S.K.: 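Dropping the structure in here first, questions after.
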Protein chains: 2
Amino acid sequence: MIDSYKTVGENTYEMIKKDIIFGNLKPLKKLKLNELKNNYKTSISTLREILSRLSGDGFVVYEEQKGFYVSPVSKSDLKEIANLRILIESHALKYSLENSNPDWEGSLLAAHHKLNLYENKLLKNKTEERSNWKRYDSEFHQTLVRNCNSKNLIELHKLIFDKYLRYQLLVLTFRGSGSIEEHKKLLDYSLERNFKKAQMVLEEHIQNGIIHANKSF
Amino acid sequence: MIDSYKTVGENTYEMIKKDIIFGNLKPLKKLKLNELKNNYKTSISTLREILSRLSGDGFVVYEEQKGFYVSPVSKSDLKEIANLRILIESHALKYSLENSNPDWEGSLLAAHHKLNLYENKLLKNKTEERSNWKRYDSEFHQTLVRNCNSKNLIELHKLIFDKYLRYQLLVLTFRGSGSIEEHKKLLDYSLERNFKKAQMVLEEHIQNGIIHANKSF
DNA sequence: AATTACCAAAATATATGATATTTTTAAATA
DNA sequence: TATTTAAAAATATCATATATTTTGGTAATT
């Protein structure tokens, strides 16, 4: 219902973006208009619109007269993204904590609860669906920054986070109990409004993520 | 020659973006496809592509089934943008200084020289062209961050800076000798690789800009 | 064998016209 | 005044057509 209400363009945009994030469209793959037209059942003009948007988001690269292709990935790019994520997410977290209020604290608790249940499930059963884990992880981190009271900052965070997400789904794996503990600390320090400690855990959390990644690249 | 080589879409993209930044297309103005088609002499499909890109850049807002309109401006938005600019530009500056080298120092000196000449001219003659000033100012600040060695960071900075630029051209005016001094200090501390002092000046520089702006909003 | 030149096929860039929907506007009604 | 309704305007999408550019392969040249 919610989904089918959207326009063709919007739906296809989501689909292609998802396919890039989940790796169904591999890095550097040439995105030929005719091919896409057949695969996604939309017109060329709509597709060009979509690809233009995606190139703004950084998931697609566009070259004049040559067309579009899926953005490349690299270890150094991941490092850059991770550093930016630390910068942006920390900054937003700081303001979220300053503006802390019961409503927000409640939503953070809720988001953590769901994430925690899922991570524990993953710990026991490795075959669990990975995309769900990422959904809860995203939700938790996005809740962390949501209270910062700056629309621009939230948007920027989403931009970076999505790029990071792509790497998570391409090369990062669930780190197990380490990640669980970090999330718990992140929650606790946030509820205590202890920015310094929360920030340290966050930075560690993201750094640990990419250390883990180095193996699989 | 260089310009006319580009595609119609690219040229029109630049034109519309410029018209928004310079205020020829006023905030909240509805961007009707047919109207734009007549004014910019391009097809609807090309225009939709362009507007899609611009909405990714944040200069245009898109609403499903309702179309496109020029992004609004507000004092609080300017404040958010300024804060983000401080965050991003400081961070990038830090790394630029760490990676400092003669080449970069040279280009920074050059950029400052041109900016300085122009600002002094402005000080004497208020009627001078304002868009030129902004060009040199942009160039100087972009040179500051260029050496940070992170493509993502540079792109992010450009994104924010352009949004800031729009406000500069819409509501900010030349502050006179204050700005000149700040730029000079920014240059000197950067050449000394004194991040702490350079950062402080930068923050002050941007803050002073928006204090000045409050009057005209 | 490597490089260059050239041609055909593929792909992009752009424009236009057609159709279905949706939104907006303005008029009509209660 | 508020609500409803009908007409007009605008968006969303697609298909098609054309010019230009890029690509890939073959032949010619060094």
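Keep in mind that what you see is a predicted model, and the values were worked out from it rather than measured. Residue numbering restarts at 1 for every chain, and letters A, B, ... go by the order of the sequence lines.
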S.K.: Using side-chain contact (heavy atoms from CB on, under 4.5 Å) as the criterion, list what pairs up with A:Lys37, not counting sequence neighbours.
M.R.: A:Asn34, A:Ile44, A:Leu47
S.K.: Below 3.5 Å between N/O atoms, which protein atoms pair up with nucleotides 12-14 of chain D? Just atom names and distances, please.
M.R.:
from	atom 1	to	atom 2	distance (Å)
D:dA12	OP1	B:Tyr62	OH	3.0
D:dA12	OP1	B:Gln65	N	2.8
D:dA12	OP2	B:Arg48	NH1	2.4
D:dA12	OP2	B:Arg48	NH2	3.0
D:dT13	OP1	A:Val8	N	2.5
D:dT13	OP1	A:Gly9	N	2.8
D:dC14	OP2	A:Ser43	N	2.9
D:dC14	OP2	A:Ser43	OG	3.0
D:dC14	OP2	A:Thr46	OG1	3.1

S.K.: Please name all residues satisfying side-chain contact (heavy atoms from CB on, under 4.5 Å) with A:Asp19, sequence neighbours left out, ordered by chain then number.
M.R.: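 A:Asp19: side-chain contact (heavy atoms from CB on, under 4.5 Å) contacts with A:Asn24, A:Leu25, A:Tyr40.
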S.K.: Any side-chain N or O of B:Lys30 under 4.0 Å from OP1/OP2 of D:dT11?
M.R.: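 Result: yes.
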S.K.: Excluding sequence neighbours, so at least two apart, what forms ring pair (Phe, Tyr, Trp, His ring centres under 6.0 Å) with B:Tyr95?
M.R.: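 Scan of B:Tyr95 (ring pair (Phe, Tyr, Trp, His ring centres under 6.0 Å), adjacent residues dropped) gives B:His91.
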S.K.: Would you kindly give the CG-to-C1' distance between B:Leu47 and D:dT11, to the nearest whole Å?
M.R.: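 One finds 13 Å between C1' of D:dT11 and CG of B:Leu47, rounded.
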S.K.: Expressed as a whole number of angstroms, how long is the span from A:Asn38:CG to C:dA11:C1'?
M.R.: 14 Å
S.K.: If only side-chain N and O atoms count, and only distance matters, is there a donor-acceptor pair under 3.5 Å linking A:Ser90 with A:Glu203?
M.R.: no
S.K.: Under the ring pair (Phe, Tyr, Trp, His ring centres under 6.0 Å) test, which residues partner A:Tyr69, sequence neighbours left out?
M.R.: none
S.K.: Roughly how many Å is it from OH in B:Tyr13 to C1' in C:dA13, rounded to a whole number?
M.R.: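 Computing the B:Tyr13:OH to C:dA13:C1' distance gives 18 Å.
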S.K.: Take atom OH of B:Tyr69 and atom P of D:dT11, then tell me their distance rounded to the nearest Å.
M.R.: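 Interatomic distance, OH of B:Tyr69 to P of D:dT11: 14 Å.
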S.K.: Return the set of residues passing ring pair (Phe, Tyr, Trp, His ring centres under 6.0 Å) with A:Phe59 (not counting sequence neighbours), or none when no residue passes.
M.R.: none
S.K.: Whole angstroms only, please: what is the CG-P distance between A:Leu51 and C:dA11?
M.R.: 15 Å
S.K.: Starting from P on D:dT23, measure out to NZ on A:Lys32 and report it in whole angstrom.
M.R.: 11 Å
